[in-house]
Amino acid sequence: MRKNESITGTFDWPLFIVFLMIMFFGLATVYSVAYDPEHSSIFSFSEKYGKQVMWISIALFLGMLVFLIDSDIYRNFAIPIYAFVVVLLVIVLFMPKINGARAWLGIGSMGIQPAEFAKIGTAILLAKYLSIMNIKQQTTQSVLIALGIVLIPMGLILLQPDAGTFVVFTAFIFVLYREGVTFDPIVLLLINLIPGIKFKKTWVGTHFIPIAFVTIFLCVLTLIISKDPYTLDLFPGEEFSGYWRMFIALFIVSLVGFIIMRIIFPKREKNRAALIALIAFVLSTILTATVNVVFEKLASHQKERIELALGIFDDPTGKVKDGADYNRNRAMAAVGSGGFAGKGYRNGFVSSVKTNHVPESETDFIFCPWAEEWGFLGSLVLVCLYLFMMLRIIVIAERQRSSFNRIYAYSVAVILFYHFAINVGMNIGLAPIIGIPLPFFSYGGSSMMSFSIMLFILLKLDSQRRDVLN
Amino acid sequence: MNFDSRKYVIVAFFVLTGVLYAIKLFYMQVVDDSWKLRAQQIAEHRREITPPRAVVFDRNGLKVVENKTYYNLMMVEADVSEDMDTMAFAELIGWTKQEIIDRYKQIVKGEGTYTDPFTKKVTKNYQDVRAYPFIKELTADEMAKIAPHLENFKGFYEEVASMRNYPYANGANILGYLSEATREEVDEDPFYRPGDKIGRAGIERYYEDEFRGSKGVKYIVRSARLNAVASFEDGKYDTTAMQGDPIHLGLDINLQDYGEQLLQNKKGCIVAIDPKTGEILALVSAPSFDPNLLVGNKKIRRNYPALLEDLNKPLFPRPLASEYMPGSTFKLLQSLIGMQEGVITKDSGFPCNKGVVGCHNHPSAQNVTQAVKMSCNPYYYAVARRIIQQGKDKSSFKDSEIGLQVWADYMHSFGLGVKLDTDITGLRAGNIPDPAYYDRWRGKGTWKFSAIQSISIGQGEVQLTPLQLANVAAIMANRGWYYTPHFVKSIGNNGPLDKYRKKNYTMVDAKHFPPVIEGMRGCVHDAGGTARLARIDGLTMCGKTGTVENYYRGVKQKNHSVFIAFAPMDDPKIAIAVFIENAGGGGGTWAAPTASLMIEQYLYGEIKSTAKEKRILDAKLSNWEE
């Protein structure tokens, strides 16, 4: 073991600076949204911004503590840490309900949400388990254990119930995918039940995760963009089925994919590119067309339910569905009204807490005030900051010698991605309304502390990456 | 298998999401304007402020119409707590539980709907976060009982509303009333919003534009609960609501009140005009009603049907719309026209030949003045015959046609047979028959004077409204001209409408008036005059009675009692017409003393002859429907 010459020597400054920037913008937005002229100081602890200052301070202090602890502790105490958060998740189920869920542990407003910290514990144990698991020889048992590590906290969270965090836990599937955990053992178990079949491995099992994702993605996309028939100026009077949009999009994507593959594939595999593109195009067309037809055949109330869940609506005036789809409609109005350069700091009024058009505009819908006040420029800056943060973490992950470190880093990246994608997505009508915070940005102690701890563990692991070999 | 390349899949996924979001944000925030409009709809709100309607003063500066504060009990359903004690609430507002439930359903189905102005499609628009008036138009007293307890019933609160109030319960048919603008009126005039009040009758309707003032506009930022949060852009675009200038009436409210008292238990009219200005001093329609009965939807709903169905027709503005035969008062005009046409002189005498037309016993009139004073029917039969059959054509039929046209033109110049341009709605023209009228009725060339002779004494086809009759009195007072009678003396400080500043001259020269007026004086003051009961000590009054025979469904009814007058003779300050339906007796019996009381009240402010007053007040006349 070799000691660092200095603590900061291998410290990843870019990640840390982006983290601070997002935190600062978030605080500024909370201040704008919750501004109370009677307590205008940002340190007014009676107001949300004062509390947020406190949460940030605590989070930075905890981060510093984490950074002082040797990173070996996570490797060595992975199981106790995991067990601890699971116990917390069980205890919280016996707490009184707050806003319809038993999610809070503690007294009054100073409580914490164990679910936020469960992500860390799960990430650590998953990293520990996958790093010692023989990836080359996966068994049914090893796959089930890996899944179980994720599913146990997920189940407990569903009991609270906290649908948002539950969804976020599916992010770990990306990690399994990255580490090569396949579902082959399970798929084989099922397939080999058929007499006469004795496969060693299956394509579906190996690529189960991306296939499942693409399938779900295509289904959802079909429902979203195939909904309304449209007309073209070129052919006046003709009404085209909305599905043509999907078809044309698939064709273009396949064509672009084909051209890219032609360029990057070695010469002898050029024909394979054409085949892949063709098969992908045909299969996805069959899938989406089927989904479209089935959806059209559904009863109208079933359709409506699906549309609502997916956030499909074509009612920008809000007359019809303002009741049912109130939050999204208001949120999108706030974001959309920001314009190119925004209405100016503290000039947003749709998303202001005072007008209360956008509910939870300091927590789940905090992207609204930001986008309304800073416009497209601000929105783009924030999207870029998050994108940079996630990609930076991938870079960090890939430079680790230890697979434990890498797996943990990937967990952090995909969890951040989920939060970012769902939170921003629901503000712009691209994701269903799921109440989860925007990391480092939203008001709230638990999320601020848990994300900071998660990030500082990563920074610590990264700073000690040369010390470890496995 | 090499899983290392899978990192590109994840990276690609991150980047694609970022790019997709950036594109969508660009589209929403920069390209597509619909969300900006939506945001405006949601949060920026143009709130119209309706000013209170203009107040009304009488000629002496007494406030006749004012605005009174009322209260609406508002409800925001979303704020009403689930465990509200409905029974306690019912007790508080004095309703039953069922009534509360019914009212709620009524709001959802009524105020909570939206009718598309173009397609007329009614859609549900009830929102539980929006405030709806649960009980409308509570008085301050009623609200005072409820308000202290409202804190126990979240979701209910009081809101101030302005409504009309009439400190004097008089002049209902003049002032008119307000009710909510109809859907058509809202569509037609962008000024009105559903629920706005609009003038329904009387001057409230005629001067609607002046009464309503101009609305103010306040741009506000609105909260999700639709409450104002802040003014938009610090009120840069706001305008203030302007109440209409006060309306000053020529009406003397005390005189109006007195007139209404005099006509209690009678059907009839009193119209008094200031002849020098044409301002209407009083316009009594009996029976009448308290204008406060028609204030606000609640009272209108309760009282209007009863008023409408009342057989004595209190809503009918008799002085404006009731067409009566003028009787002998018409003889004044025949005298004037005869002299102007040169078919008689002031010294022409005609025998009282009862063979032609009935008359009462009196010596034959030797001149116009005596004829007026004695109201001799045969005399005027002769005068009218000379006017209408002047011998301009050999055929007496043709001659009558020419003569009647001349006669009708004279009458029109007195404002008869035409609608006066008075500032109120509901006026009628009366009837002055002209050749076309009889041609239509009897056939061209089939009639001559003998067939239409009853018009000479103001019977038959001649019909006048009491307002027109009062105007005739004003013309007599002015010796030949009149200002169109009008109610509004001044809008703010701007004086009356232009059309009331122009003198209208009759076709009769001023020089022909003195003998007729002398006859009118004689009616009141000389022995043998028909209107002796109208005398007032120390005042020279000129008047003319009328006794109108009338039939109802072919059955002869008691005579109408008519009297017109002006006073003082040399400096007329008041011209008046009184018309009492089916009073019995002659014009001098009931109408003349009533007019004299009005004149005395107006000129002196007090009544000396209490016996005369009591006789009129106590009289129960007319075919009264109980």
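Only this structure's heavy atoms are used, side chains among them; waters, hydrogens and symmetry mates stay out. Each chain gets a letter, A, B and so on, in the order the sequences are listed, and its residues count up from 1.
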*Out of curiosity, B:Phe13 CZ to A:Met390 CE, how far, rounded to the nearest 0.5 Å?*
11.0 Å
*Which value, rounded to the nearest 0.5 Å, describes the distance between A:Leu387 atom CG and B:Leu16 atom CG?*
10.0 Å
*Just wondering, are more than 12 heavy atoms of other shown residues or ligands nearer than 6.0 Å to CD in B:Glu188?*
no
*Distance, nearest 0.5 Å, that separates OH of B:Tyr21 from CG of A:Leu382*: 12.5 Å
*With sequence neighbours excluded, tell me which residues meet side chain to side chain contact (heavy atoms under 4.5 Å, CB included) with B:Ala241.*
B:Ile49, B:Pro51
*Minimal non-hydrogen separation, B:Met28 against A:Asn427, with atom names*: CE-O, 4.3 Å
*Is chain B contacted by the side chain of A:Ala334, its backbone, both, or neither, given a heavy-atom distance below 4.5 Å?*
neither
*Non-hydrogen atoms of chain B under 4.5 Å away: do they reach the side chain of A:Glu398, the backbone, both or neither?*
side chain
*Heavy-atom distance under 4.5 Å to chain B: side chain of A:Phe388, backbone, both or neither?*
neither
*Where does B:Lys7 contact chain A at under 4.5 Å (heavy atoms): side chain, backbone, both or neither?*
both
*Is it the side chain or the backbone of A:Ala341 that comes within 4.5 Å of chain B heavy atoms, both, or neither?*
neither
*Begin with the C-alpha distance, continue with both residues' side-chain angles, and end with the deciding distance and a verdict on side chain to side chain contact (heavy atoms under 4.5 Å, CB included) for A:Ile394 and B:Phe14.*
CA-CA 10 Å; A:Ile394 301 283; B:Phe14 288 6; 3.9 Å; yes
*Within a reach of under 6.0 Å around NZ of B:Lys298, are more than 12 heavy atoms found that belong to other residues, nucleotides or ligands?*
yes
*Could you grab the distance from atom OH of B:Tyr27 to atom CD1 of A:Ile428, nearest 0.5 Å is fine?*
13.5 Å
*Is it the backbone or the side chain of A:Ala413 that comes under 4.5 Å from a heavy atom of chain B, or both, or neither?*
both
*If only atom types and distance count, is the side chain of B:Gln29 paired as donor or acceptor with the main-chain N or O of A:Phe376 below 3.5 Å?*
yes
*Tell me, for B:Val15 versus chain A, whether the close heavy atoms (under 4.5 Å) come from the side chain, the backbone, both or neither.*
both
_Please identify which of these residues, A:Val383, A:Leu380, A:Leu430, meets the side-chain contact (heavy atoms from CB on, under 4.5 Å) condition with B:Leu25._
A:Val383
*Roughly how far apart are A:Met332 CE and B:Asp32 CG, rounded to 0.5 Å?*
8.5 Å
*Flag yes if more than 12 heavy atoms outside B:Met242 fall under 6.0 Å of its CE atom; otherwise flag no.*
no
*Pick whichever of A:Phe420, A:Tyr177, A:Tyr410 has the most heavy-atom pairs under 4.5 Å with chain B.*
A:Tyr177
